[in-house]
Amino acid sequence: MSRTAFASIPPHSACLPDFAAASCPVSTRVPLTPAALVSPSAHATPPARNASAGTRAPGTCRAPSPLAAALLALVAGVLLAVPPASAETDRALLLDREALDSIQSQAFRYFWEFGDPDSGTAYEADFGWEIRPVTMAGTGFGIAALVVATDRGWVNREQAVERLLKITGYLIRASKPEWHGAFPHWMNGKTGEPFDFEDGSDVIDVVETAFLVQGLLMARGYFNGPGAEEEFRTQATKIWEAVDWQFFTDNQNAGIFWHWSPRRGFLGLRVKGYNEALIAYVLAAASPTHPIDPKTFNFWYQSPNYRKRALFGYQIEGAPPGGGPLFTAHYSFLGLDPRRMADKAVPSGYFIRNVKQTLSNREYCTVHAPRANRYSEGFWGLTASQKPDAGYGVFSPLNDQGILAPTAALSSMPYTPHYSMEVLSFLSTRLKDLVWSWFGPRDSVSLKDDWVSPHYLAIDQLPIVVMIENYRSGLPWRLFMANTEIREGLDRLGFFPPKLQDGFPEAVVTRLLRGAKYRDDAHVIRRHPDSGLYTVPYFLKEGGRASFSLMDPGEPAETELFKASVSAGPGSNTLSMDLPMGNGRLLNLTMTAPDGKVHTLPLRLY
């Protein structure tokens, strides 16, 4: 990549003000162009296709699903004195929807068109190796992405199940008794033999196996028909029930060992928080055949890297130093619904925890990082990815080398939808010719070093598909959490619903550095791309009638934009508002709870 090409990218700045719509003087929102997402760069060379994986490419977006139609009808209130949406704002909503369809379908192609032809599994990367290893984690992520693709009509059910049966058949044939139901990190897609992951060719990886099983259980819940779908469910269950999670504790009840070698035994590293591997303990406790003793899970908490910390303006529960890389808020939460999970270390819940981790990572990038890194509101997100020396690095605020991976912000869509969409806009407009190719944006980018990775990684590209879907419809979360085994496993480990106070605790407010101190600004939201509604979560310990009012304090008469009176249940609820696209002005939302107490939330609508 030439230095001249990178010179045209703006330096560390406030999200492209020259792109701001003239009708929205306060907003810096950039309408997305779906054509920019569908077509790869002109200079890109398509990778070799996997003909046996199926030839139908993801197509245009489907008609609105029943869920989307239902959401459109669930407007919780009465719109007051608001002019109808203009053609421009309606166009912006449509472009958001089409942009998400495009990025999801393109990232899915990595699995669908570039999978291993013999096993159907996902290649670790598109490296030009003579023998490419297939990855168990990437395959689990790809299976979850295949569920999304089927539900959105990019592939049909018959094609999807044919691919799934190829994968499960390969896994069952390849499995060996000495693996105790788990699988290596990498495998040879043709022979089924382990592929050396720099730690010996016989090493079994429990965490990779957990990511694989997570995807299988998601798909098992979705493909619920007879015939081939029933055959797939039988094979998926066989793989799930074969994993001897208790064996991987070495009968010590002091954590799960990450790696096991049939020749050398357990290799020392045990799974300890906080990292990406929470799903391994949940599955181990949920197993219907080989469950661990719940006491084993206590080891997860025995780390100084698992406590409450103040990081770049946010108080984050269960946080490692610096907050850690963003993939720790993604991998286990492709299936685990963080909105329904809290524990003794994260009593306010993993959703709030993950939102604050993402916001703190963004705040570091946009405010505290070296200006030479050229981060901005449209270019942020530190996670693990490739780096210029052809290696792999785990990047965070404590290890920032100026390298960002698009998956960091894009897979954070359920947590920070507006801010993540700003990154998608930047990548698909200003950086499109530099970073975009056949499967979406490349793995990683450094504007500081004028470098773009020439490759894709399965474990970075495929979570984009699944996490965006969790934002749009929640389908992956619903499917995984519908497993009775998973809910019982969470109970066994001591998880409970988040302990929240009445008001808007899940509507995390962005904090801004004013002088030497951080101060609350507002909860920033964007219209949902499928329903067209603004949504705000609120919490009531006891149900009853709640009243809402949205005011614009900037108007001379403090205009009321919206009001509603709704019957709310105890626990978490969602307020939906049918309003035209906002311009980012500061608004005030108030809720009068059933007990008469008033709760206020500052809002910025985009």
Under 30°, 30 to 60°, or over 60°: which ring-plane class applies to F108 and W112, parallel, tilted or perpendicular?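 Parallel.
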Describe, in one word, how the ring planes of F223 and F232 are oriented to each other, choosing from parallel (under 30°), tilted (30 to 60°) and perpendicular (over 60°). perpendicular
Side chain to side chain contact (heavy atoms under 4.5 Å, CB included) for L326 and Q357? Distances and angles first, verdict last. CA-CA 8 Å; L326 284 179; Q357 180 191 358; 4.1 Å; yes
Between [X] and [Y] (side chain of the first, backbone of the second, donor and acceptor by atom type, cut-off under 3.5 Å), is there such a pair?
X: S175; Y: G181; value: no
X: R173; Y: G169; value: yes
X: S444; Y: Q386; value: yes
X: T328; Y: P325; value: yes
X: D244; Y: H290; value: no
X: R478; Y: S473; value: yes
X: R353; Y: V346; value: no
X: R309; Y: G323; value: no
X: H259; Y: I204; value: no
X: K308; Y: Q315; value: no

Could you give me the CA-CA distance, side-chain angles and deciding distance for L100 and R472, then say whether side chain to side chain contact (heavy atoms under 4.5 Å, CB included) is met? CA-CA 9 Å; L100 291 176; R472 297 183 71 176; 3.7 Å; yes
Could you check if a side-chain atom of [X] sits within less than 4.5 angstrom of a side-chain atom of [Y], using non-hydrogen atoms only?
X: M481; Y: R339; answer: no
X: R511; Y: E363; answer: no
X: W245; Y: V206; answer: yes
X: I143; Y: M218; answer: no
X: V203; Y: P184; answer: no
X: V465; Y: Y110; answer: no
X: R340; Y: R487; answer: yes
X: L278; Y: F333; answer: yes

Side-chain ion pair, [X] and [Y], N-O less than 4.0 Å:
X: R220; Y: E485; value: yes
X: K295; Y: D293; value: no
X: D449; Y: K387; value: no
X: R263; Y: E178; value: no

Check whether the ring centres of Y314 and Y518 lie less than 6.0 Å apart, and answer yes or no. no
Applying the ring-ring contact (aromatic ring centres under 6.0 Å, His included) criterion to H180, which one of F247, F266, F257 satisfies it? F247
Spacing of [atom1] belonging to [X] relative to [atom2] belonging to [Y], to within rounding of 0.5 Å:
X: F312; Y: N361; atom1: CZ; atom2: CG; value: 8.5 Å
X: N275; Y: N305; atom1: CG; atom2: CG; value: 9.0 Å
X: S411; Y: F327; atom1: OG; atom2: CZ; value: 12.0 Å
X: E208; Y: Y331; atom1: CD; atom2: OH; value: 9.0 Å
X: L490; Y: L336; atom1: CG; atom2: CG; value: 6.0 Å
X: E488; Y: I486; atom1: CD; atom2: CD1; value: 10.0 Å

The single option from L283, I239, L479, L212 that satisfies side-chain contact (heavy atoms from CB on, under 4.5 Å) with L217 is L283
Quick one: which of V355, N470, N354, T358 gives a side-chain contact (heavy atoms from CB on, under 4.5 Å) with P414? N470
Between [X] and [Y], which heavy-atom pair has the shortest distance, and what is it?
X: T383; Y: A405; answer: CG2-CB, 3.7 Å
X: P397; Y: Y364; answer: CB-CG, 3.8 Å
X: G324; Y: S396; answer: C-CB, 3.7 Å
X: F504; Y: P537; answer: CD2-O, 3.6 Å
X: F351; Y: E506; answer: CE2-O, 4.1 Å
X: V271; Y: A277; answer: CG1-CB, 3.5 Å

Using a cut-off of 6.0 Å, state whether more than 12 heavy atoms not belonging to K176 lie near its atom NZ. yes
Could you give me the CA-CA distance, side-chain angles and deciding distance for W438 and R109, then say whether side chain to side chain contact (heavy atoms under 4.5 Å, CB included) is met? CA-CA 8 Å; W438 291 95; R109 285 175 179 159; 5.8 Å; no
So, [X] and [Y]: side-chain donor and acceptor under 3.5 Å apart, yes or no?
X: T121; Y: D116; value: no
X: D343; Y: Y301; value: yes
X: W300; Y: Y306; value: yes
X: Q461; Y: D443; value: no
X: Q252; Y: R270; value: yes
X: T510; Y: Y419; value: yes

Is the Lys NZ or Arg CZ of R163 less than 6.0 Å from the centre of F111's six-membered ring, within 45° of the axis? yes
Given V445 and I403, is the side chain to side chain contact (heavy atoms under 4.5 Å, CB included) satisfied, shown in steps? CA-CA 6 Å; V445 185; I403 301 168; over 6 Å; no
